[in-house]
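Just so you know, residue 1 is the first one in the sequence shown, and it goes up from there.
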Amino acid sequence: MIRTFIALDLPVQLQCSLETLQKELQRTDAPVSWVKPDRIHLTLKFLGDVPPGRIADIQAQLAEIAVHTQPFRLQAAGCGAFPTLQQMRVVWVGLKGDIPSLRDVQQRVEEAMAALDFKREDRLFKAHLTLGRVKGRQRLRVLQEALLARQAFEAEDFDVTELVLYKSELRPEGARYTPLFRAAFAR
């Protein structure tokens with residue numbers, strides 16, 4: 001079985017901006033497991049464990065979606081926590097820009113994977129970039145204040161030009177993500 005998910009990559013410049021924000025938030029000493037900046041991506045669909053024989057079908061569906069999708073622009077902006085700042089479990093950065101195109105691509109990925117018998121996501125898609133996962137309750141008040149103070153965070157715009165099927169390997173030092181397939185959008 002291959003643990004997989006479908007995502008959008010982020011440019012290195014944006015990863016650097018997110019790393020700077022993470023370092024500011026890390027000064028709170030809150031118990032957060034921070035995602036390494038080069039591993040931050042925009043997940044569209046988590047597939048879980050997939051038999052190797054099904055990978056080609058997933059690739060074909062992603063290629064079909066990509067051929068009918070024009071590149072679009074997004075911008076990382078704002079920050080917060082899920083489910084709320086008071087009960088945070090995930091620290092995130094939001095997105096703005098061509099959100100209708102992002103939602104359209106995500107919905108088409110969801111539909112295509114449902115056609116391959118992958119379970120539909122019950123929750124509404126909320127476009128975000130996960131910065132870290134909260135691992136305890138101490139010093140969260142300080143982290144809440146730090147997040148509130150950075151509500152105006154904005155990074156540079158970036159172009160979304162492809163879908164990526166990733167293999168995810170869970171390791172003691174953190175997950176390792178390996179691209180299995182890239183489907184470039186129409187130009």
Side-chain angles (χ1 to χ4, degrees), residues 1-63 65-66 69 71 74 76 79-82 88-95 102 105-106 108-110 112-113 116-121 123 125-136 143 153 155-156 158-185:
M1 296 292 243
I2 303 171
R3 182 180 163 92
T4 61
F5 64 91
I6 299 163
L8 303 176
D9 273 345
L10 304 179
V12 172
Q13 185 179 2
L14 175 54
Q15 292 171 349
C16 291
S17 296
L18 296 175
E19 182 177 28
T20 299
L21 176 61
Q22 281 180 322
K23 286 179 179 174
E24 293 171 7
L25 296 174
Q26 287 168 358
R27 290 190 200 121
T28 65
D29 277 336
V32 177
S33 175
W34 298 100
V35 179
K36 289 188 168 81
D38 65 340
R39 294 182 186 157
I40 298 174
H41 52 268
L42 175 52
T43 302
L44 299 179
K45 176 77 176 163
F46 179 73
L47 301 176
D49 291 330
V50 176
R54 297 195 65 204
I55 297 295
D57 292 337
I58 296 167
Q59 292 172 341
Q61 289 288 337
L62 295 180
I65 292 167
T69 303
L74 294 175
C79 57
F82 289 136
M88 62 176 74
R89 287 194 299 267
V90 173
V91 177
W92 52 261
V93 164
L95 291 162
L102 173 61
V105 167
Q106 187 276 332
R108 288 189 287 141
V109 165
E110 187 72 41
M113 295 305 107
L116 294 177
D117 295 325
F118 287 98
K119 185 180 181 316
R120 288 182 185 271
E121 181 61 52
R123 295 174 293 182
F125 176 69
K126 293 182 181 171
H128 70 281
L129 306 172
T130 298
L131 295 181
R133 290 174 180 78
V134 177
K135 299 297 182 187
L143 180 57
F153 170 81
E156 53 285 327
F158 63 99
D159 291 317
V160 178
T161 60
E162 65 183 3
L163 292 170
V164 185
L165 175 64
Y166 274 102
K167 172 182 177 180
S168 172
E169 297 172 277
L170 302 178
R171 298 171 170 252
E173 66 275 9
R176 184 167 77 183
Y177 306 135
T178 307
L180 295 176
F181 179 73
R182 294 180 181 276
F185 292 167

| Which heavy atom in A184 sits nearest to a heavy atom in A66, and how many Å separate them? | O-CB, 3.3 Å

| Considering residues, nucleotides and ligands other than Q13, do more than 12 of their heavy atoms fall under 6.0 Å from its CD? | no

| message | Restricting to non-hydrogen atoms, name the atom on P11 and the atom on F158 that form the minimum distance, rounded to 0.1 Å. | response | CG-CB, 3.5 Å

| query | Quick one: are L42 and L74 in side-chain contact, heavy atoms under 4.5 Å? | reply | yes

| Does any non-hydrogen side-chain atom of T161 lie less than 4.5 Å from one of D9? | no

| said: Can you list everything that forms a side-chain hydrogen bond (donor to acceptor under 3.5 Å, both in side chains) with K119? Sequence neighbours excluded, please. | reply: D122

| said: Tell me every residue that passes ring pair (Phe, Tyr, Trp, His ring centres under 6.0 Å) with F82, counting only those two or more places apart in sequence or in another chain. | reply: W92, H128

| message | Check this for me: R89, atom CZ, are more than 12 non-hydrogen atoms of other residues, nucleotides or ligands nearer than 6.0 Å? | response | no

| task | Decide yes or no for F153 and L18: does some side-chain heavy atom of the first lie under 4.5 Å from some side-chain heavy atom of the second? | result | yes

| From CD1 (I6) to CG (L62), nearest 0.5 Å | 4.5 Å

| task | Calculate, to the nearest 0.5 Å, the distance between atoms OG and CG belonging to S168 and L180 respectively. | result | 10.5 Å

| remark: Tightest non-hydrogen contact, residues L143 and M88, listed as CD2-SD, 3.5 Å

| field | Nearest-0.5 Å distance that lies between atom CZ in F181 and atom CD1 in I58 | value | 11.0 Å

| message | Please list all pairs meeting side-chain hydrogen bond (donor to acceptor under 3.5 Å, both in side chains) that have one or both residues in residues 19-37, counting only residues at least two apart or in different chains. | response | E24-R150

| task | Would you indicate whether the side-chain heavy atoms of I55 and T4 approach each other to under 4.5 Å? | result | yes

| remark: The reported gap from OG1 in T130 to CD1 in I40 (rounded to nearest 0.5 angstrom) is 8.5 Å

| message | Just verifying a value: how many Å separate K126 NZ and L95 CG, rounded to the nearest 0.5 Å? | response | 14.0 Å

| remark: On a heavy-atom basis, the closest approach of A155 and S17 is CB-CB, 4.0 Å

| Is the shortest heavy-atom distance from the side chain of L8 to the side chain of L163 under 4.5 Å? | yes

| Straight-line distance of I2 CD1 to E169 CD, nearest 0.5 Å | 9.5 Å

| request: Keeping to residues at least two apart or across chains, list the ring pair (Phe, Tyr, Trp, His ring centres under 6.0 Å) pairs with something in residues 1-28. | output: F5-H41, F5-Y166, F5-Y177

| said: When you compare the side chain of L165 with that of L47, does any pair of heavy atoms fall below 4.5 Å? | reply: yes

| Pair listing, side-chain hydrogen bond (donor to acceptor under 3.5 Å, both in side chains) test, anchored in residues 44-61, at least two apart | K45-E110

| query | What pairs with D159 under salt bridge (charged side-chain N to carboxylate O under 4.0 Å, His left out), at least two apart in sequence or on another chain? | reply | R73

